[in-house]
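Below: the structure, in structure tokens.
Just the heavy atoms: all of them, side chains too, but no hydrogens, waters or symmetry mates, feed the values below.
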Amino acid sequence: HTSPHAQLRSFGLDQVRLDGGFWGARQSIVRAHSLAHGYRMLDEWGNFDDLRIAAGAHQGGYRGPVFMDSDVYKWLEAVAYHAPDGLDPEVQRMADEAIGLVQNAQQDSGYLDSYYQVVEPSKHWVEIPMGHELYCAGHLIQAAVALHRGAGDGRLLAVAVRLADHLAREFAGQERGLDGHPVIETALAELYRETGTAAYLELARQFVDQRGRGLAGNSGMGRRYLQDHLP
């Protein structure tokens, strides 16, 4: 990014190529097998159905832990990393379907978390330290930025922007708690870099500054594990 405040700048996805070697072989396996396998596992274990239920397009009970959505987002991020070299048409079809599920599940307010939409609709942003809502939001934003950069695909970015705007309305200038997983902070910083919207960077700064105050709760792993130990 061109920001004068950025001390480190990564290469773009279209500026790096792995030709052979250990990592090149791993990348080839992911492209040839793992992307499609990952989609099948998400389908088998209910991640996609949870989003369909949240969208009102599927009947049944929610399956899995509270962070099921994050697996969909991390799979889409993996797809994005392979997009600059072209995607297999079947993998592209899978990605299109997954993106559509995410789009349909998002509420008009911008809120998006299938567990709390289906299982605990009255507890949005109530169980912040352990509920993984900000965790899932962070992974959605990271996937959206990666797809926009790697594939020129702005569909998920539009979802991420609506969600980030919702977060800004909910949290800016407030001290309501922090997710036990520090993911949303870096995600919002990357969304700022992609969109230029200063409110996202400011919210990331707020969350970083609020760590060290015990707002991430107690997962039993200790405050150092939660990166909540330094005032």
Side-chain angles (χ1 to χ4, degrees), residues 1-13 64-78 80-81 110-116 120 123-149 156-157 159-231:
H1 194 269
T2 57
S3 169
H5 305 294
Q7 298 299 311
L8 299 174
R9 294 174 175 83
S10 61
F11 289 108
L13 292 176
V66 296
F67 47 79
M68 289 287 276
D69 293 354
S70 67
D71 295 332
V72 176
Y73 306 146
K74 286 182 275 191
W75 179 79
L76 283 168
E77 187 176 6
Y81 292 150
Y111 184 87
L112 176 57
D113 188 289
S114 69
Y115 176 82
Y116 282 95
E120 299 280 7
K123 292 187 177 180
H124 294 188
W125 309 122
V126 173
E127 302 171 330
I128 296 171
M130 300 301 295
H132 289 74
E133 287 167 287
L134 289 173
Y135 171 84
C136 288
H139 282 297
L140 166 61
I141 293 169
Q142 289 173 335
V145 169
L147 280 167
H148 193 240
R149 290 174 178 171
L156 203 63
L157 189 69
V159 174
V161 164
R162 289 181 62 201
L163 177 55
D165 289 343
H166 171 80
L167 294 177
R169 292 191 298 270
E170 287 285 326
F171 289 95
Q174 301 186 51
E175 191 175 272
R176 296 181 56 186
L178 295 172
D179 196 297
H181 298 78
V183 174
I184 190 64
E185 294 88 345
T186 56
L188 285 168
E190 286 303 313
L191 188 61
Y192 158 72
R193 288 171 173 161
E194 202 67 12
T195 65
T197 302
Y200 307 152
L201 185 64
E202 175 58 26
L203 187 57
R205 182 206 59 77
Q206 174 184 306
F207 286 148
V208 170
D209 287 349
Q210 287 178 349
R211 288 197 176 270
R213 303 181 190 176
L215 296 174
N218 181 11
S219 66
M221 302 293 290
R223 292 179 64 186
R224 182 179 294 275
Y225 174 83
L226 301 175
Q227 296 187 29
D228 193 35
H229 60 296
L230 295 176

Side chain to side chain donor-acceptor pair (under 3.5 Å) partners for Glu120, two or more places apart: none
Tyr192 vs Thr197 side-chain heavy atoms within contact, under 4.5 Å: no
State whether Glu190 and Arg149 are salt-bridged, where the test is any N-O pair (Lys NZ or Arg NE/NH1/NH2 against Asp/Glu carboxylate O) under 4.0 Å. yes
Hey, could you give me the NZ/CG distance between Lys74 and Leu76, rounded to the nearest 0.5 Å? 12.5 Å
To the nearest 0.5 Å, what is the distance between CD1 (Ile128) and CG (Leu178)? 8.0 Å
In this structure, NE2 of His229 is separated from CZ of Arg223 (nearest 0.5 Å) by 9.0 Å
How about Arg176 and Phe171: do any of their side-chain heavy atoms sit closer than 4.5 Å? yes
Assess whether side chain to side chain contact (heavy atoms under 4.5 Å, CB included) is satisfied between Glu133 and Asp179, documenting all intermediate values. CA-CA 7 Å; Glu133 287 167 287; Asp179 196 297; 5.5 Å; no
Got Ile184 and Leu167 here, is their nearest side-chain heavy-atom distance under 4.5 Å? yes
Find the distance between CD (Gln206) and CG (Leu201) and round it off to the nearest 0.5 Å. 12.0 Å
Give the table of side-chain donor-acceptor pairs shorter than 3.5 Å for residues 136-148, with sequence neighbours excluded, one pair per line with atom names and distance.
{"unit_1": "His139", "atom_1": "ND1", "unit_2": "Gln142", "atom_2": "OE1", "d": "3.2"}
{"unit_1": "His148", "atom_1": "ND1", "unit_2": "Glu194", "atom_2": "OE2", "d": "2.8"}

Report the C-alpha separation of Thr195 and Tyr200 in whole Å, then their side-chain angles, then the decisive distance to 0.1 Å, and conclude whether the side chain to side chain contact (heavy atoms under 4.5 Å, CB included) test is met. CA-CA 9 Å; Thr195 65; Tyr200 307 152; 3.5 Å; yes
For Arg169 against Gln174, the heavy-atom pair lying closest together: O-NE2, 4.2 Å
I'd like to know whether CD of Gln227 has more than 12 heavy-atom contacts from other residues, nucleotides or ligands below 6.0 angstrom. no
Can you tell me if Tyr73 and Glu77 form a side-chain donor-acceptor pair at under 3.5 Å? no
Does Glu202 pair with Arg205 as a salt bridge, N-O distance under 4.0 Å? yes
Would you say that Tyr111 contacts Glu170 through its side chain, given a criterion of any heavy-atom pair below 4.5 Å between the two side chains? no
How far apart are the C-alpha atoms of Val66 and Tyr135, what are their side-chain angles, what is the distance that settles it, and do they pass the side chain to side chain contact (heavy atoms under 4.5 Å, CB included) test? CA-CA 10 Å; Val66 296; Tyr135 171 84; over 6 Å; no
So, taking the atom named CG in Leu203 and the one named CG in Asp165, what distance separates them when rounded to the nearest 0.5 Å? 10.5 Å
Nearest 0.5 Å please: distance from the CG atom of Leu134 over to the NE2 atom of His181. 12.0 Å
Using side chain to side chain contact (heavy atoms under 4.5 Å, CB included), reason through Arg211 and Glu185 one step at a time and then give a plain yes or no. CA-CA 11 Å; Arg211 288 197 176 270; Glu185 294 88 345; 3.0 Å; yes
Under the ring-ring contact (aromatic ring centres under 6.0 Å, His included) rule, what do Trp125 and Tyr116 come out as? Steps first, then yes or no, please. CA-CA 9 Å; Trp125 309 122; Tyr116 282 95; 8.2 Å; no
Gly217 and Leu226 have their tightest heavy-atom pair at O-CD1, 3.6 Å
Main-chain N/O of Asp228 paired to Arg213 side chain as donor or acceptor, under 3.5 Å: no
Taking the side chain as C-beta and beyond, is there a heavy-atom pair between Met130 and Ser219 under 4.5 Å? yes
